[in-house]
Asks: 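If you scroll down you'll find the structure; I have some questions about it.
Every value quoted in this text rests on a predicted model; they were computed, and no experiment measured them.
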Amino acid sequence: MQGPALGTEFGIMGALVVTTGSVLSLSAWGQWVVLARIWLPLTGRLPWALNAFLDDAYARDVLRRAGAVHQFRHARLQHHLTRTYAAHRTARGRS
């Protein structure tokens with residue numbers, strides 16, 4: 001493959017790469033994908049299978065659904081998790 005055909009192929013591939021990069025960096029959906037579906041699971045702050053995790057928590061009556069929102073069913077659990085997270089961040093900041 002040479003000449004115009006090779007140039008066309010490189011042009012199409014380049015356009016796909018630029019379009020994908022633009023969608024992921026400039027749109028709200030793309031930023032959500034990069035943050036919530038890639039970065040947070042990589043850093044251990046969110047499970048990889050988020051929907052399965054939320055469904056399991058709902059089935060165990062830890063969370064309740066109100067439309068598209070998940071809420072803690074028990075305020076004591078929410079406060080405990082908040083305190084644990086805050087203590088972990090404080091300890092991590094000191095070291």
Asks: How long is the gap from CG on Leu63 to CD on Gln78, to the nearest 0.5 Å?
Replies: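 Leu63 atom CG to Gln78 atom CD measures 10.0 Å (nearest 0.5 Å).
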Asks: Under 3.5 Å, side-chain donor or acceptor atoms of residues 10-17 against the rest of the protein: list the pairs with distances, not counting sequence neighbours.
Replies:
none

Asks: Transitive ILVMFWY cluster of Tyr85 at side-chain heavy atoms under 4.5 Å: who else is in it?
Replies: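 Under the 4.5 Å side-chain rule, Tyr85 groups with nothing.
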Asks: Got a list of side-chain donor-acceptor pairs under 3.5 Å for residues 37-49, not counting sequence neighbours?
Replies:
residue : atom : partner : partner atom : Å
Thr43   : OG1  : Trp39   : O            : 3.1
Thr43   : OG1  : Leu40   : O            : 3.1

Asks: Tell me whether Leu35 is reachable from Phe53 by hopping between hydrophobic residues (I, L, V, M, F, W, Y) whose side-chain heavy atoms are closer than 4.5 Å.
Replies: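 Yes.
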Asks: According to the side chain to side chain donor-acceptor pair (under 3.5 Å) rule, which pairs have a member within residues 54-70, sequence neighbours left out?
Replies: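 Counting only pairs at least two positions apart or across chains, the side chain to side chain donor-acceptor pair (under 3.5 Å) contacts touching residues 54-70 are Asp55-Arg65, Asp56-Arg60, Arg64-Gln71, Arg65-His70.
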Asks: Would you please name every residue forming a side-chain contact (heavy atoms from CB on, under 4.5 Å) with Leu77, sequence neighbours left out?
Replies: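 Once residues adjacent in sequence are excluded, the partners of Leu77 under the side-chain contact (heavy atoms from CB on, under 4.5 Å) criterion are Val62, Phe72, His74, Leu81.
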Asks: Which salt bridge (Lys or Arg N to Asp or Glu O under 4.0 Å) pairs, counting each pair once, include a residue from residues 78-87, with sequence neighbours left out?
Replies: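 Listed by first then second residue: nothing to list.
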